[in-house]
Each structure stands twice: as structure tokens, then as C-alpha cells.
Amino acid sequence: MQFVDETSITVEAGRGGNGCLSFRREKFVPRGGPDGGDGGHGGSVYLIGDESLNTLIDFKFQRFYKAPNGQPGQGRQMSGRMGEDLHVKVPVGTTVIDEDTLEVIADVTAEGQVVLVAQGGRRGLGNIHFKSSTNRSPRRTTTGTDGERRRLRLEMKVMADVGLLGMPNAGKSTLIRAVSAAKPKVANYPFTTLVPNLGVVKLGTHEHFVMADVPGLIEGASDGAGLGLRFLKHLTRTRLLLHVVDAAPFDESDPVAAVEAIAGELEGFSETLAELPRWLVINKLDLIPEAEREARVADILERLDWQGPVFRISAISGDGTDVLSQAAHRWLTERRQLEHDDEAVAEYEREMRERMESESVARVEAHQARLRVKRGEVVEDELDDDDDDHDVEVEYTR
């Protein structure tokens, strides 16, 4: 199936029905008076979270959603039928953005969460509402109003507690295979992973957390190079970042430079994302002679001036992965408990999520503006027209 994590749709609510102009006309009922009924309200459009969906692929084939109109009123004070509300299912983890104003309308983060995205039109009033002691035969009615019409951008972000990041071929997919039942593709070449993968790390009864394996990033990712912008946004849903670094890269590149490059891309994409807790996971130590391992790790830490937690693992053999999983679970449990007990901490967490979302939307919009410049749709001298940005629209198949 195709993994689609971003698309655009148009939604239109139903128009309200017009009010009716009618007078009662019955035998033996002189001067029956006005009896025009009201129209029906137009249907509204709602999005509803559905955990059974894990991609936005359906919206690639149907991009327009319209709720029914309200029916006009009738004589004998009969109101028109209301238009039925339209409920459109979206995956949990979907951010809804107004494409015209760039306003973040809502984050769909729970099963069954309902979000109003287009309000139905109001009904028109029949002439029965306008009778008075001085106007016994009103010929006035009102028409129904148009329903809202909106262009929406849907961005699906995977919902995970822990996110893996690092350069291509650092061993992220191997790590998630080692600690969970997820089976992403693993091969000895870069960009093996083309879509985010989720794995549930189980540590015991009712003890588990969700880990996300995000495709490898490269330098310039925050400006659209490689697959960066498309997948950096998934990390904004996580609580803890595990920065996986290859201690023995096959191309003999510098692991320290790789760590610093990824850290720079995080900050370039979202300053708030760069502030998330990040642990260093030094992988592939089995490829280094045992006598040299500690010296290699010490050199990396010293040159990075790393102050946070460090874990030494070999994902392919599983060495050190249990210790890493236990530490991550313990940290997540303590963090959730702290948020539960301290409202100030919980409020800070909410504000941080909102800032990350706002910064993510702004970064994507800036990148799209650059693309419009390249296509000649707008002319902005101050925008940098960089031909090295690999700006392509790609659908990935798994």
C-alpha cells in the first residue's frame, strides 16, 4: 500500500433552505393568515479520528467533500428537512490546517475526536415569522445562507512516545526490529527506510511504549533536501528522541560531524523540537575491536562535549538494547506521572506542543514558497533559489 502523510482537500457545508411564502387557504377559514415554514439548516462537515486508519491515501482519490443542503420550507408551517452532517474519518495524529490562512484548526489526537471544519448554512425564515398587528399578510421571507467552504491541508504525524533519528544507514531500523515486533526493511545501503515505521516495545504486563523509526536525515533536511521536511514533522509528536549514530561508518565519515549535522537540522526545522530530551545511542560497536571500543566512544563524547545520557549498543546482536528500552520506559513513566501531579508541567508540555506545531507549519510553508519561486509562480528576489534542494513530490510504496 502507499503511505501518504500529507494531502489537500476541499470541504463545503450545505446551504440553508429558504423560508416559504405561503398563506392558509381553506374552505370556511376566512383570512387564514401566513403559514410559510422555515427552511432547514445546511449540513456541516466534521472530521473524526479513527485509529484503524494509518495513511491519508483515500484523500488522494477523493478531494472534495460536500454536506447536503437544507430543504426549503413549505406551506402549513412545515419546515424543510435539515441537511445531514457529513463525518469524514481521518487517521489519529492528523493536523488540520486552513490552506488560505495557515491557521491550525485542530490536532486529531484521539479515537472518536470530532472536529468541525465547515459550518452549515443557517435556515431561512418563512413569512409566518413576520406577521404583526399592523401587517396581517406579510410577504417577507429570508433566504438560507451559504455553508462554509474551506481548503484544508491534512498532515498525518505518527503518534509515538520515542522517535529514532540519525543519518541514513545508522541502524535505526535494525534497532526497532530488535526491541519490537516491527519488521521494517533492512539493507546495507542508505535510505532503506522510505516511510515511518511504528513498533510497540513491550517490557512486561501493561508496560510498553511506542517507538517510531523515521527515515534517515541528511544535511539540509530542514530546507527540503532529501526526505527531510516530509519526515522531520513526525518527530514533533514524540516525547523523547534517540539519536542513533554509527560508530563505524562504512564510508569512514566522522560520527561527530554526523551528530552535529542532525542537531543543526532539528534546530533549523523547529527550535522547540531541538529542545526535546535527546539521548545519544552509539550503535554498531560490534564492528570495532573490543579493545578499541571504549576509546572510540570516549573520543566521540569528548569532541561533542555531550552532557546527556549515552547508550552503547549493537542493534544487530541486541547488545545493550534491553538497557536502552528499560531506561526509556522508566523516563516516560516518570514524565507522565510528573505531568499528572503538577499542572504547571502539564501546561508547559501543551505549550511546547503548540509551539512545535506552529514552527512546523511555518517551515513547510516557507519551503513551499521557495518551490513556487522556482516554478516561476511568484517573483521574490529576497528568496534564495537554491538548485540543490532536491524538491520533488514523491509517493512511497511499501
Query raised in the report: Say you draw a straight line from CG of Leu154 to CD1 of Ile105; how long is it, rounded to the nearest 0.5 Å?
Result: 9.0 Å
Query raised in the report: Of all heavy-atom pairs between Leu56 and Pro91, which one has the smallest distance, and what is that distance?
Result: CD2-CD, 3.4 Å
Requested in this report: Measure the CZ-OG1 distance between Arg151 and Thr101 for me, rounded to the nearest 0.5 Å.
Outcome: 10.0 Å
Requested in this report: Determine, for Arg24 against Asp35, whether the closest basic-nitrogen to carboxylate-oxygen distance falls under 4.0 angstrom.
Outcome: no
Report task. Indicate yes or no for a side-chain donor-acceptor contact from Asn127 to the backbone of Gly36 under 3.5 Å, with no hydrogens or angles considered. Result -> yes
Report task. Kindly determine whether Gln337 and Asp341 satisfy side-chain hydrogen bond (donor to acceptor under 3.5 Å, both in side chains), including the steps that lead there. Result -> CA-CA 6 Å; Gln337 188 61 46; Asp341 297 339; 3.0 Å; yes
Query raised in the report: What residues form a ring pair (Phe, Tyr, Trp, His ring centres under 6.0 Å) with Phe59, not counting sequence neighbours?
Result: Tyr65
Query raised in the report: Got Met352 and Tyr348 here, is their nearest side-chain heavy-atom distance under 4.5 Å?
Result: yes
Report summary line: Residues Leu273 and Leu235: closest non-hydrogen pair is CD1-O, 3.8 Å
Query raised in the report: Got a donor-acceptor contact below 3.5 angstrom from the Lys172 side chain to the Ala212 backbone?
Result: no
Requested in this report: With sequence neighbours excluded, give me every ring pair (Phe, Tyr, Trp, His ring centres under 6.0 Å) pair touching residues 126-158.
Outcome: none
Requested in this report: Determine whether more than 12 heavy atoms belonging to other residues, nucleotides or ligands lie under 6.0 Å from atom CZ of Arg278.
Outcome: yes
**Report entry** Check: Ala344 main-chain N/O paired with Asp342 side-chain donor or acceptor under 3.5 Å
**Finding:** yes
Query raised in the report: Which pairs pass side chain to side chain donor-acceptor pair (under 3.5 Å) with one or both residues in residues 69-87, sequence neighbours excluded?
Result: Lys66-Asn69
Report task. Take atom CD of Glu347 as the centre, draw a 6.0 Å sphere, and report whether it contains more than 12 heavy atoms from other residues, nucleotides or ligands. Result -> yes
Report task. Using the side-chain hydrogen bond (donor to acceptor under 3.5 Å, both in side chains) rule, take Asn18 and Thr143 through it: C-alpha gap first, then chi angles, then the decisive distance, then the call. Result -> CA-CA 4 Å; Asn18 296 331; Thr143 58; 4.5 Å; no
Query raised in the report: Has the side chain of Asn283 got a donor or acceptor atom that lies under 3.5 Å from a matching backbone atom of Ala170?
Result: yes
**Report entry** Arg335, CZ: over 12 other non-hydrogen atoms inside 6.0 angstrom
**Finding:** yes
Query raised in the report: So how far is it from Arg355 CZ to Glu275 CD, rounded to the nearest 0.5 Å?
Result: 6.0 Å
Query raised in the report: If you look at every heavy atom in Val179 and Ser325, which pair is closest and at what distance?
Result: CG1-OG, 3.4 Å
Query - 4.5 Å side-chain heavy-atom contact, Leu165 and Val244 - result: no
Query - Ala247 to Pro255 - nearest heavy-atom pair and separation - result: O-CG, 4.2 Å
Query raised in the report: Hey, does Arg122 have a side-chain heavy atom less than 4.5 Å from the side chain of His41?
Result: yes
Requested in this report: Would you check if the side chain of Gln113 reaches a backbone N or O of Thr109 as a donor-acceptor pair within less than 3.5 Å?
Outcome: yes
Query raised in the report: Is there a donor-acceptor pair closer than 3.5 Å between any side-chain N or O of Arg150 and the backbone N or O of Val117?
Result: yes
Report summary line: What one should report as the nearest heavy-atom pair of Ser137 and Phe23 is CA-CE2, 3.7 Å
**Report entry** Remaining members of the apolar cluster that contains Leu102, side-chain heavy atoms under 4.5 Å
**Finding:** none
Query raised in the report: Under the salt bridge (charged side-chain N to carboxylate O under 4.0 Å, His left out) rule, what pairs show up with a residue in residues 306-330, not counting sequence neighbours?
Result: Glu294-Arg312
Requested in this report: Please indicate whether Glu26 has more than 12 foreign heavy atoms, meaning atoms of other residues, nucleotides or ligands, lying under 6.0 Å from its CD.
Outcome: yes
Report task. Run the salt-bridge test on Asp161 and Arg336 with the 4.0 Å N-O cut-off and return the result as yes or no. Result -> yes
Query raised in the report: Which distance, rounded to the nearest 0.5 Å, do you find between the CD of Glu148 and the CG of Leu116?
Result: 7.0 Å
Query raised in the report: Among side-chain atoms of Ser52 and Asp50, is any donor-acceptor pair under 3.5 angstrom?
Result: yes
**Report entry** Asp254/Arg303 ion pair, N-O < 4.0 Å
**Finding:** yes
Query - Atom of Ala106, atom of Val115 and distance for their closest heavy-atom approach - result: CB-CG1, 3.5 Å
**Report entry** Leu285: hydrophobic cluster co-members (side-chain, 4.5 Å)
**Finding:** Val245, Val256, Val259, Leu280, Ile282, Ile288, Val297, Ile300, Leu301, Leu304, Trp306, Val310
Query raised in the report: Any side-chain heavy atom of Leu338 within less than 4.5 Å of one from Glu334?
Result: no
Query raised in the report: Can you tell me if CD1 on Ile316 sees more than 12 non-hydrogen neighbours from other groups inside 6.0 Å?
Result: no
Query raised in the report: Can we say Glu354 and Arg350 salt-bridge, meaning some charged N sits less than 4.0 Å from an Asp/Glu carboxylate O?
Result: no
Requested in this report: For side chain to side chain contact (heavy atoms under 4.5 Å, CB included), just list the numbers for Met211 and Leu164, CA-CA rounded to whole Å, side-chain angles, deciding distance to a tenth of an Å, and then say yes or no.
Outcome: CA-CA 7 Å; Met211 179 179 288; Leu164 303 179; 3.8 Å; yes
Query - From Arg63, Glu155, Arg153, residue fulfilling side chain to side chain donor-acceptor pair (under 3.5 Å) relative to Thr7 - result: Arg63
Report summary line: Between the CG atom in Leu175 and the CD1 atom in Ile313, the distance rounded to the nearest 0.5 Å is 4.5 Å
